[in-house]
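Working notes for the structure below.
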There are 2 protein chains.
Amino acid sequence: MKRAPTQKGRKKPASVDELRDICRQAGIKLTPQRLEIFKAISSAQDHPSAEILYERLKKRMPTISLDTIYRTLNTFEKLGLIKRVQLLNDQARFDADMESHHHFICTRCKKIIDFKWPDFDSTKLPENIKAFGKVYGQQAELRGICRQCLKKEESE
Amino acid sequence: MKRAPTQKGRKKPASVDELRDICRQAGIKLTPQRLEIFKAISSAQDHPSAEILYERLKKRMPTISLDTIYRTLNTFEKLGLIKRVQLLNDQARFDADMESHHHFICTRCKKIIDFKWPDFDSTKLPENIKAFGKVYGQQAELRGICRQCLKKEESE
DNA sequence: ACATTTAATAAGAATTATTCTTAAATAGGA
DNA sequence: TCCTATTTAAGAATAATTCTTATTAAATGT
C-alpha cells in the first residue's frame, strides 16, 4: 500500500467513488467492511473512536470485529483519507513549561519540538467560539517529519 | 485537593519553593517522591512520558513505583503545575474532514467541537520552523469547558 | 461466469498503558 | 514527639490496541 504523498493533498471528505479509486491506486481491496467503515466515519458529525464506530456498525454488520475497525482506520490514515485528532495516544506526554508555546510533532518518531509564535498568540479567536463554552488555553500544533527522520528516509 | 482555578494562572516552570507553597495551599503532602518527580519533569527538555520519567528516577530513587509517577503527574496536572501535551489519550479519535479546521476540546467530557479560523490559517509560521523538518499540517487547539459541562457544574 | 491468487477478516490471545486495591509507611500539624 | 490522614509500593485489574492464525472473499485474468 502506498502512503499518501502528503496530508495536504485532499480536501473535503472523499466520496465512495473516490474511495474506490484510491483503493485501486493503492492496490488494496475495497471490502464491504472498508466501505461501511468509510461511510460511517465520513458521515459522523462527532469525532468517533474505534469503539464508537464499532457500536454503530454492528447494527448493519453484526459480524464485524473491533480489530477490523482499528486496522481499517489505520489504513485510511495512511491513505490520507482520515486523520487522527491527536497523534500521541500511545503514551501520555507531559510538559512543565506553562508559558505559551506551541508544538511541532514528528509523525514518524513522535518527537515534540517547542516553539514560540507571537503572531499566533495575538490572533483573535473567531466570535462564535464564545458559544462553545469557557476557553482557558489555546495552542498550535504542527505535524511534519523532523530532520532526523527525513535524513533516515533518504538513506533507505 | 483544590484544582487550580485556571491553567492561565501560572507561567514559567514553578520552583521547588513554589511547589512547597502550592502543596500546602492544596492541603497535600510534599513527599520526597513528589519532589523528585517535580524536579525531573521541570528540568526535562523533552516531553517525557510516565515511563521515561520512571526510568530516569529509578537511578535516584530505586524503590519508586511507576504507579506513583502516574498518580503524581495527575496530581500536578490538577494543580496546574504541568500540562499533558495531548488530552485525548484514552481512546484515539478520528476525523474524516480533511479541510482546514480547528478543535475546541472540553477537558471535562472530551467533546470535540470543530471550528473555522481563517485568521489563523493565514498567519505565517515563524522562520525558525524550517529548521525542524518538513511541515505538512497545522492546526489550533482550544482547551476549555463546554456549555453542557459548565451547566452541570453550576447545578452541583 | 469461473478459477486462482493474494490480501483481508473474525476470533481470540497477547501486549501495552494506566488505574485500582490494600497493607504498610510517613509528612505535617497538634 | 505523637497522631492521624495521606501517600506509597506492589501487584492485581482494567482498558485500549495489536498480533496470530485459520478461513473467507475481492480482484484479476481466462
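Residues satisfying the salt bridge (Lys or Arg N to Asp or Glu O under 4.0 Å) criterion with A:E55, sequence neighbours excluded, are A:K58. For A:F120, the ring pair (Phe, Tyr, Trp, His ring centres under 6.0 Å) partners are A:H102, A:W117, B:W117, B:F120, not counting sequence neighbours.
A donor atom on one side chain and an acceptor atom on the other are not found under 3.5 Å apart for A:Q86 and A:E141.
Rounded to an integer number of Å, the gap from CD1 of A:I64 to P of C:dA11 is 11 Å. Rounded to whole angstrom, the span from the CD1 atom of B:I37 across to the C1' atom of D:dT7 amounts to 11 Å. Separating the CG atom of A:L35 from the P atom of C:dT9 is a distance of 12 Å, rounded to the nearest angstrom. Rounded to whole angstrom, the span from the CD atom of B:Q91 across to the P atom of C:dA17 amounts to 17 Å. When rounded to the nearest whole Å, the span between CZ of B:R34 and P of C:dG28 equals 9 Å. The NZ atom of B:K110 sits 12 Å away from the P atom of D:dA16 (whole-angstrom rounding). Rounded to a whole Å, the OH atom of B:Y54 is 15 Å from the C1' atom of C:dT16. Here the C1' atom of nucleotide C:dA27 and the CD atom of B:E36 are 16 Å apart, to the nearest Å.
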- Decide yes or no on salt bridge (charged side-chain N to carboxylate O under 4.0 Å, His left out) for A:E77 and A:R84, but give the supporting numbers first. CA-CA 7 Å; A:E77 190 189 15; A:R84 61 181 72 219; 3.2 Å; yes
- Message: A:Q148 vs A:K111, test: side-chain hydrogen bond (donor to acceptor under 3.5 Å, both in side chains). Steps then yes/no.
- Response: CA-CA 10 Å; A:Q148 286 77 46; A:K111 188 188 2 242; 2.6 Å; yes
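Taking side-chain N and O atoms only, B:Q33 has no distance below 4.0 Å to OP1 or OP2 of C:dT26.
At distances below 3.5 Å, at least one donor-acceptor pair connects side-chain atoms of A:R34 with backbone N or O atoms of A:K29.
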- What string of B, S and - do you get for nucleotides 18-30 of chain D, 5' to 3', if B is base contact, S is sugar-phosphate-only contact and - is no contact with any protein heavy atom under 4.0 Å? BB------BS---
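Across all strands, A:A92 comes closer than 4.0 Å only to sugar-phosphate atoms, never to a base (heavy-atom distances).
With DNA chain D read from its 5' end, the first of the two nearest nucleotides for B:D90 and B:T68 is the one closest to B:T68.
Salt-bridge formation is detected for the pair A:D46/A:R56: a Lys NZ or Arg NE/NH1/NH2 atom is positioned less than 4.0 Å from an Asp or Glu carboxylate oxygen.
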